[in-house]
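Take a look at the structure below.
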Amino acid sequence: MVTILSYSERADLQLELASLANELISKLGGGVSVSALIGYNVKGNADMLSKYFDRVFIIDSENLKLFDLSNYVSALMEVVNKVKPDIILVSGNRRGGAVASALSAVLDVGCVTEVVKVEVINNDVITYRSAYGGLGQARTRVLTTPKIIAVKPGAYQRSTVTKNGTVEELKVDLKKSEIELVDMKPKEAGVKLNEADIVVVAGRGVKKREDLQMLDELAKILGGVLGCSRPLSADLGWFPNWVGMSGVTIKPRLYIGIGVSGQIQHVAGIRDSKIIVAINIDPNAPIFEYVDYGIVGDLYKVVPKLIDELKKIRQR
Ligand SMILES: Cc1cc2nc3c(=O)[nH]c(=O)nc-3n(C[C@H](O)[C@H](O)[C@H](O)COP(=O)(O)OP(=O)(O)OC[C@H]3O[C@@H](n4cnc5c(N)ncnc54)[C@H](O)[C@@H]3O)c2cc1C
């Protein structure tokens, strides 16, 4: 019987971890899934989590209002000491990654991050992550107990298996945070690319920011959303985030890359899309190696034509 503890500060990612926890429990011959709900004013999520985990532990404290890593790890350690997990799953988002690595140092156990798949082979838990900038895949086995696995957001679907878990609150003495919040500005809200069914992605082939309107129109006609490759976000600042290995992993029903060359770091984040379409002026662009449908042409000619045709179809 294994005990699998899951932690993320985000409820949606907890549900992705619940999926993996259930899968591992069934492959490892049974066990218990535990969720750690840690933060300030977070109790409201406990009932929801108890529908997906066997046990939920709440640690709710004003000293967890700010993301003070040492307090978060102390709180999580309380749950670790209580349930003695064999496996600790942490969401591999920014905060989760920090918690996973700090926890592994405190526990002095092995930790693998950016995991996209976990398998059980001969009762061994094998993790997969991208290596060499997406050119290879690393298979890793953590030898310690517990083992910490930080799972990339979006790698697993949210759990749909419902449970009737217990909820327990733990009181932990946490020190007053040593961090003071001076100012906070909301980040420009981006669309949830990893939840969209259809994603149109703009690449460096788009010459001007205003030209994105045309691609956005195409995305909207198709009922999808507009995303971008890394240079449009990281270098040009046209979008808050990007698609790919170091950005958001997407698995939409339809991906359309427009003016995207298809470098491996980009492809690593889109290769599980059901249908891949690319529009590129260069017939030798690497993206064409991965497409189901490729259009060789100037995006400034092809996209307006596509929009016109789609509008005609809609009017029929
Ligand atoms: C560690 C690391 C992580 C990275 N992570 C990511 C990541 O997560 N996501 C990501 O996207 N990148 C990532 N990159 C960057 C990646 O290597 C590429 O540089 C990037 O994907 C290129 O973006 P692009 O295809 O938009 O631009 P380019 O490579 O410049 O390609 C532009 C394409 O547009 C085409 N084009 C030009 N004009 C037109 C036109 N008029 N009509 C049609 N096509 C046209 C060109 O033929 C070309 O193929 C990463 C790099 C590193 C080193």
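Order of listing sets the numbers, starting from 1, for every ligand and every atom in it.
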Between Ser91 and Lys152, does any side-chain donor sit less than 3.5 Å from a side-chain acceptor? no
salt_bridge(Lys220, Glu217) N-O dist < 4.0 Å: no
Any atoms of ligand 1 less than 4.0 Å from a non-hydrogen atom of Val243? List them with their elements. 7 (C), 8 (O), 9 (N), 10 (C), 11 (O)
At a 4.0 Å threshold, what atoms of ligand 1 neighbour a non-hydrogen atom of Gly297? 42 (N), 43 (C)
Could you tell me whether ligand 1 has any atom less than 4.0 Å away from a heavy atom of Pro286? no
Lys82/Glu168 salt bridge by N-O under 4.0 Å criterion: yes
Can you list the ligand 1 atoms lying under 4.0 Å from a non-hydrogen atom of Gly203? 26 (O)
Please indicate whether any nitrogen or oxygen in Gly259 is less than 3.5 Å from any nitrogen or oxygen in ligand 1. yes
Has Gly269 got any heavy atom lying under 4.0 angstrom from an atom of ligand 1? no
Going by an N to O cut-off under 4.0 Å, is there a salt bridge joining Lys27 and Glu23? yes
Using a 6.0 Å cut-off, check whether atom NZ of Lys175 has over 12 heavy atoms from anything other than its own residue. yes
If you measure from atom 39 (C) of ligand 1 to every heavy atom of Ile281, Val302, Val248, which option wins on shortest distance? Ile281
Suppose I only count heavy atoms of Asp282 and a 4.0 Å limit; which atoms of ligand 1 are within that range? 47 (O)
Could you work out, for atom 11 (O) of ligand 1, the closest of Met245, Lys301, His266, Lys207 by heavy-atom distance? His266
Would you find more than 12 non-hydrogen atoms of other residues, nucleotides or ligands less than 6.0 Å from Asp183 atom CG? yes
Nearest to atom 24 (P) of ligand 1 by heavy atom, Gly244, Ser229, Gly247: which? Ser229
Does a salt bridge link Asp211 with Lys208, judged by any charged N lying under 4.0 Å from a carboxylate O? yes
Would Glu119 and Arg139 pass as an ion pair if we require N to O under 4.0 Å? no
Can you find an N or O of Leu299 that's nearer than 3.5 Å to an N or O of ligand 1? yes
Is the count of non-hydrogen atoms from other residues, nucleotides or ligands lying under 6.0 Å from Asp108 atom CG greater than 12? no
Looking just at side-chain N and O atoms, do Glu178 and Asn71 make a donor-acceptor pair shorter than 3.5 Å? no
Going by the atom numbers of ligand 1, which of them fall below 4.0 Å from some non-hydrogen atom of Ser261? 25 (O), 28 (P), 29 (O), 31 (O), 33 (C), 48 (C), 49 (O)
Is ligand 1 under 4.0 Å from a heavy atom in the side chain of Leu232, in the backbone, in both, or in neither? neither
Minimum non-hydrogen distance to atom 47 (O) of ligand 1, winning option of Ile270, Asn284, Asn280: Asn280
Going by the 4.0 angstrom heavy-atom rule, the piece of Ser246 near ligand 1 is both
Under a 4.0 angstrom heavy-atom cut-off, which atoms of ligand 1 come close to Asp298? 40 (C), 41 (N), 42 (N)
Any atoms of ligand 1 less than 4.0 Å from a non-hydrogen atom of Pro231? List them with their elements. 20 (C), 22 (C), 23 (O)
Go through ligand 1 atom by atom and flag the ones less than 4.0 Å from a non-hydrogen atom of Arg204. 24 (P), 26 (O), 27 (O), 28 (P), 30 (O), 32 (C)
Candidates Arg230, His266, Glu114 - the one meeting side-chain hydrogen bond (donor to acceptor under 3.5 Å, both in side chains) with Ser246: Arg230
Quick one: do Lys163 and Asp54 make a salt bridge, cutoff under 4.0 Å? yes
Gln265, portion touching ligand 1 at heavy-atom distance under 4.0 Å: both
